[in-house]
Amino acid sequence: MTIQTISRGVLPGIPVAGLPAAPTPHRLLQPGTLLLAGVAPGSTMGLAQHQQFWGLLPVTDLEALAASAEQAGVIGAGGAGFPTAAKLRSVGGSAPGPVIVNGSEGETASGKDTVLLSHVPHLVLDGAVLAARALAVREIIVRIPHNRQPVIDCVLRAIDERHDPGLRIRISPGEDTFMAGEASAVISSLQGGAARPIPAGKPPRMKSGLRRRPVMLSNVETFARLALAARGHRMSSSLVTVSGATAAAGVLEVSPATTLGQVLNIAGAD
């Protein structure tokens with residue numbers, strides 16, 4: 001969810017009518033209730049702390065992982081809300097291509113994916129590794145805008161900390177535009193094309209040699225929630241980005257019962 005308060009006439013990252021752009025909301029405002037629990041704003045949870053907090057990565061197969069996602073209520077967090085269990089099952093059994101973690105987040109009013117990658121990169125990578133192992137694929141690609149070097153550095157450090165036998169995890173820097181984050185636009189750019197939407201099939205497909213293989217492409221938050229679902233956690237939180245006329249633009253993770261007024265009060269909205 002994204003909340004904008006525009007009383008000062010400014011938008012995050014976009015100058016309007018001669019007014020300067022408001023800061024992008026890429027800060028964590030306070031510790032979260034689930035995905036961002038146990039992490040201090042501005043700090044990154046390293047592998048040792050992550051494993052101490054969440055435990056080791058569980059061993060699971062495709063059907064068990066899909067069932068966990070279904071029971072936990074995991075849906076695509078990039079906007080479409082498609083059930084993650086159905087996506088996993090649709091890709092399984094078809095010699096899929098790489099697992100793609102879409103951290104493009106070209107919507108300037110949203111900061112949740114940047115916050116997750118900066119604070120809990122291992123939770124995101126856990127979800128991607130679970131999906132890759134369940135689908136028997138050997139490559140994970142993390143798409144991050146090229147101009148978010150601090151985020152890229154956080155994920156690179158996390159990759160260096162990990163030991164995931166048989167898997168290659170790499171970062172693919174991409175364009176920082178709204179359209180470049182659309183699923184088929186990500187696939188197009190990964191194949192050397194323009195970062196614009198293309199007909200990609202359902203599930204999305206990308207070329208591999210002479211073949212077109214389906215890929216498991218999902219949003220950063222989706223993979224983080226998949227990692228928790230595999231550990232038996234239900235989706236008991238909401239990520240909210242607040243920006244505009246606030247004392248502190250950024251991201252909050254709150255209980256679904258939290259009211260809009262409470263969220264704005266925490267962010268110091270006018």
Side-chain angles (χ1 to χ4, degrees), residues 2 12-14 24 26 75-84 86-114 116-118 121 124-125 127-129 131-132 134-156 158-159 167-224 226:
T2 302
I14 303 174
T24 51
H26 293 164
I75 60 174
F82 189 78
T84 301
K87 182 180 286 189
L88 283 165
R89 290 176 177 132
S90 71
V91 176
S94 54
V99 168
I100 302 172
V101 180
N102 188 3
S104 301
E105 197 167 43
E107 168 56 73
T108 62
S110 178
K112 66 183 183 67
D113 294 335
T114 295
L116 287 171
L117 288 171
S118 299
V124 177
L125 295 176
V129 168
L135 295 167
V137 303
R138 296 185 176 183
E139 184 178 28
I140 295 169
I141 302 172
V142 185
R143 171 50 64 97
I144 302 172
H146 65 85
N147 56 355
R148 298 186 193 177
Q149 193 61 48
V151 184
I152 292 173
D153 291 342
C154 280
V155 178
L156 282 174
I159 293 170
L167 277 174
R168 179 193 180 204
I169 306 176
R170 66 180 178 93
I171 292 175
S172 171
E175 293 183 25
D176 190 12
T177 66
F178 181 75
M179 293 305 296
E182 193 273 336
S184 67
V186 171
I187 289 174
S188 173
S189 63
L190 287 174
Q191 297 179 138
R196 294 195 298 266
I198 58 169
K202 295 179 182 180
R205 295 174 181 269
M206 65 187 300
K207 293 178 182 178
S208 176
L210 298 177
R211 302 180 58 186
R212 291 181 64 82
R213 295 185 173 184
V215 294
M216 177 67 188
L217 184 153
S218 283
N219 169 268
V220 164
E221 182 187 345
T222 307
F223 282 110
L226 183 62

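Closest of all the heavy-atom pairs between P173 and I171 is CD-O, 3.6 Å. In this structure, A131 and L88 approach most closely via the heavy-atom pair CB-CD2, 4.2 Å. Between I141 and P98, the shortest heavy-atom distance links the atoms CD1-CG, 3.9 Å. The shortest non-hydrogen separation linking I100 to F223 is O-CE1, 3.4 Å. G103 and L117 make their closest contact through CA-CD1, 4.4 Å (heavy atoms, listed as atom of the first residue, atom of the second, distance). Residues G111 and H26 come closest through the heavy atom pair CA-CD2, 3.7 Å.
A distance of 10.5 Å separates CD1 in I152 from OG in S118, rounded to the nearest 0.5 Å. The line from OG1 of T114 to CZ of R148 is 4.0 Å long, rounded to the nearest 0.5 Å.
Residues R213 and P96 are not in side-chain contact: their nearest non-hydrogen atoms beyond the backbone lie 4.5 Å or more apart. Side-chain atoms of V215 and V91, non-hydrogen and from C-beta on, never get closer than 4.5 Å to each other. The shortest distance between side-chain heavy atoms of I169 and V155 does not fall below 4.5 Å.
Summarising the local packing, CZ of R138 is surrounded by 12 or fewer heavy atoms from other residues, nucleotides or ligands at distances under 6.0 Å.
Remark: side-chain polar atoms of K87 are paired, donor with acceptor, to backbone N or O of L217 under 3.5 angstrom. Using modelled atom types, no side-chain atom of E139 and backbone atom of G97 make a donor-acceptor pair closer than 3.5 Å. In this structure, E221 contributes its side chain and K112 its backbone to no donor-acceptor pair below 3.5 Å. Distance alone, capped at 3.5 Å, places no donor-acceptor pair between the S172 side chain and the R143 backbone.
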Please assess L190 against V186 for the test side-chain contact (heavy atoms from CB on, under 4.5 Å), listing each intermediate value before the final yes or no.
CA-CA 6 Å; L190 287 174; V186 171; 4.0 Å; yes
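For the side chain to side chain donor-acceptor pair (under 3.5 Å) with N219, the qualifying choice from T84, N102, D113 is D113, the only one to do so.
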